[in-house]
Amino acid sequence: MTKKIKINRHVYWNPYFGGFLLGIIILFTFYLTGRGLGASGAMKSGVVTIVDTIAPTHAENSAYYSRFISEDKSPMNTWLVFEALGVLIGAFISGGLTGRIGWRTQHSPKITKKRRLAFALGGGILFGLGAQIARGCTSGAALSGMAVLSTGGFITMLAIFGSGFIFAYFFRKNWI
Amino acid sequence: MGPLIPNGIIPSDWDSIIAILIGIAFGFVLEASGFSSSRKLAGVFYGYDFAVLKVFFTAALVATIGIYYMDYLGYLDVGQLYVHPTFLWGAIIGGIIMGIGFVAGGFCPGTSLCAVAIGKIDAIIYVVGIMIGVFIFSELFFLFEPLYEGAFFGNITLMDSLGVNPYWFIFIFTIIAIVSFVISDIIRKRNKKIFY
Amino acid sequence: MVKRKVAKVLAFRYKILAGILIILAGGLVLLPKYEKHEGIKPEQLLSNVISPERYISTDILADKLINQDPSYLLIDVRDKESYHTYTLPNAINIPLAKLLDEDSERYLNQDEYDVVLFSNDNFYADQAWILCNRLDYQNLHVLKGGINQWFNTVINPPKPLENMPTEQFELYSFRKAASMYFGVAYPEQFKAVKKPKKKIVKKIITVKKKKKAPAEGGC
């Protein structure tokens, strides 16, 4: 019985169905707000807020932070932060309905937990850096950019997946 | 007529509420499609699971076709939509760095948020990593500035840069996507199955 | 039996879906293209043209000006020289050639004021009216007869004949009063001769631009 639940936990939606719904959501987002989805923007707001709280003068003097700080509005009070909150809620609902919630570290049986976490941290740092250079991540730049046929969106998408395939060889032990 | 909020049809006070609702739908679909699992996401690079490719392309196609049909019928003005700006080298180099981060960490920011919501510890570490990455970028902004600001082409679309008719482009893009789905299925059958 | 048929169809489900997607994308290519009308539909424009609200008479305008109705915005569509020679009080000069400039848009495309367009006669003001109306600008009117009519009725009203109805006399007295307001002296009223020269203070109107926030960035 327990085994059955364990197997069922990883039965996900048909990818085409998920993709179709995701496309409808993007379409709806553009129809309502004229903009696409995003995710890394919320984390940038988080960093700006933290730096602004800990070292306000430093944040104001920095050429990058100061772009996102205004007197009357907290950097957290942006569209993307609210959207990211929604993502957390929505994923929690979905995970709750299918029983996927729990403190776990997912990794290939060939590697240790420590190694997985170290690579997650390194990957996160790289992704955060890249997302700032390209002004958007896979959802903000690539997915939403592709929906309106933005040149930058297509280039970003090709660069992400292209380099992903190239460098996949070096990280194969982590996954296969 | 559309987009509704920039044209003042829906008051902008609703912006945040709509953001949360859209986020909920986005998070739900991502999680239900399996994007909270890093091994499933990474599968696209090793040929054992092509969910990312399928979801990604299907979503982009549905959204693009939908947007252009709505534009044709007059519900939405494509010219008013936000077009991601093109900074050529920023997009390429940023994309390459993100690609490495993707294979190494197994998430992208949106999916890592989903995984955080269901309690994946690696995802929490990943989000912390992203924040550190943003922090490094901001602190070393003077180093990245020429890359970040350089080779700016404006908010251009493929129609501007390639001079193609958008409708034909969408049609060709659809065929490319379907062919890639077929190929991905063939590749997946050849590879040995991996349970995760 | 039914199950087997369903299974047969389901075996092709991805092909069917792919087919639908290709048909939808092909539909975009094949749909007949039409030039998008910038602005309102021709039928709408026609019905606006016929509508009586299009014109405002000189008498009504004089009344509004005397009462200093703040909701009216006068726009002179003649060229600059004519504008400097003579114009209606507090009018703003937007020559026809500059009508569709960005600076002009904030005066024309707003919902705060009733805009009255005028020229020497109806001719240029009508052109301006059509141009702006096509872009779906609201609350536009044309001064019927233009400045010529203004002279003939308000500034220099024709004396009614003895056998005309009383309304005509009332109208005449209103017009005479109005013309005095606008600075015309009558010989039978010597008190008014020494009327201090009215300095026309140009009303500076700051028109709020219609709310149209640009769509903001993604990630």
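Only heavy atoms go into these numbers, but all of them, side chains included; no hydrogens, no water, no symmetry mates. Numbered from 1 within each chain, the chains take letters A, B, ... in sequence-line order.
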Are [X] and [Y] packed together at the side-chain level, in the sense that at least one heavy-atom pair is separated by less than 4.5 angstrom?
X        : Y        : value
B/Thr58  : B/Phe181 : yes
B/Phe26  : A/Ser139 : yes
B/Leu113 : A/Met43  : yes
B/Leu76  : B/Leu81  : yes
A/Met146 : B/Phe56  : yes

For [X], is it the side chain, the backbone, both or neither that has a heavy atom under 4.5 Å from a heavy atom of chain A?
X        : answer
B/Leu30  : side chain
B/Phe173 : side chain
B/Leu53  : neither
B/Phe35  : neither
B/Phe144 : side chain
B/Phe142 : neither
B/Phe50  : neither
B/Phe141 : side chain
B/Ile96  : both
B/Thr111 : neither
B/Met131 : both
B/Ile92  : both
B/Val78  : neither
B/Phe102 : both

Who wins among [options] for the most heavy-atom pairs under 4.5 Å with chain A?
options                              : result
B/Ala25, B/Pro85, B/Ala115, B/Ser33  : B/Ser33
B/Gly119, B/Ala123, B/Pro166         : B/Gly119
B/Tyr148, B/Trp89, B/Tyr126, B/Phe57 : B/Tyr148
B/Leu61, B/Ile118, B/Ile125          : B/Ile118
B/Ala42, B/Gly110, B/Ser36           : B/Ala42
B/Gly43, B/Ala60, B/Gly94            : B/Gly94

Out of [options], return the one with the most heavy atom pairs under 4.5 angstrom to chain B.
options                              : answer
A/Thr105, A/Leu149, A/Leu129         : A/Leu149
A/Ile166, A/Thr29, A/Ile26, A/Ile50  : A/Thr29
A/Thr78, A/Leu143, A/Asn14, A/Ile24  : A/Leu143
A/Gly145, A/Pro15, A/Gly18, A/Ala131 : A/Pro15
A/Phe82, A/Phe17, A/Phe28, A/Phe127  : A/Phe127
A/Leu85, A/Leu97, A/Leu117, A/Leu21  : A/Leu117

query: What is the ring orientation for B/Tyr48 with B/Tyr46, classed by angle as parallel under 30°, tilted 30 to 60°, or perpendicular over 60°?
result: parallel
- request: Indicate the ring-plane relationship of B/Phe152 and B/Phe87, choosing parallel, tilted or perpendicular according to the 30° and 60° boundaries.
  value: parallel
query: What distance do B/Ile24 atom CD1 and A/Ser94 atom OG have between them, rounded to the nearest 0.5 Å?
result: 12.5 Å
Under 3.5 Å: donor-acceptor pair, side chain of [X], backbone of [Y]:
X       : Y       : value
A/Thr49 : A/Ser45 : yes
B/Asp49 : B/Lys40 : no
A/Glu83 : A/Leu37 : no

Salt bridge (charged side-chain N to carboxylate O under 4.0 Å, His left out) contacts in which one or both residues fall within residues 25-37 of chain B, not counting sequence neighbours: A/Arg100-B/Glu31
message: Between A/Phe154 and B/Phe169, is the ring centroid distance below 6.0 Å?
response: yes
Of the backbone (N, CA, C, O) and the side chain (C-beta and beyond), which part of [X] lies under 4.5 Å from a heavy atom of chain B, both, or neither?
X        : value
A/Ile25  : side chain
A/Arg116 : side chain
A/Val81  : neither

Can you name the closest pair of heavy atoms from [X] and [Y] and give their distance?
X        : Y        : result
A/Thr138 : B/Pro109 : OG1-CD, 4.4 Å
B/Ser138 : A/Tyr64  : OG-CD2, 3.4 Å
A/Ile133 : B/Gly90  : CG2-O, 3.6 Å

For residues 155-162 of chain A, dump all side-chain donor-acceptor pairs below 3.5 Å to protein atoms at least two apart in sequence or in another chain.
residue  : atom : partner  : partner atom : Å
A/Thr156 : OG1  : A/Gly152 : O            : 2.6

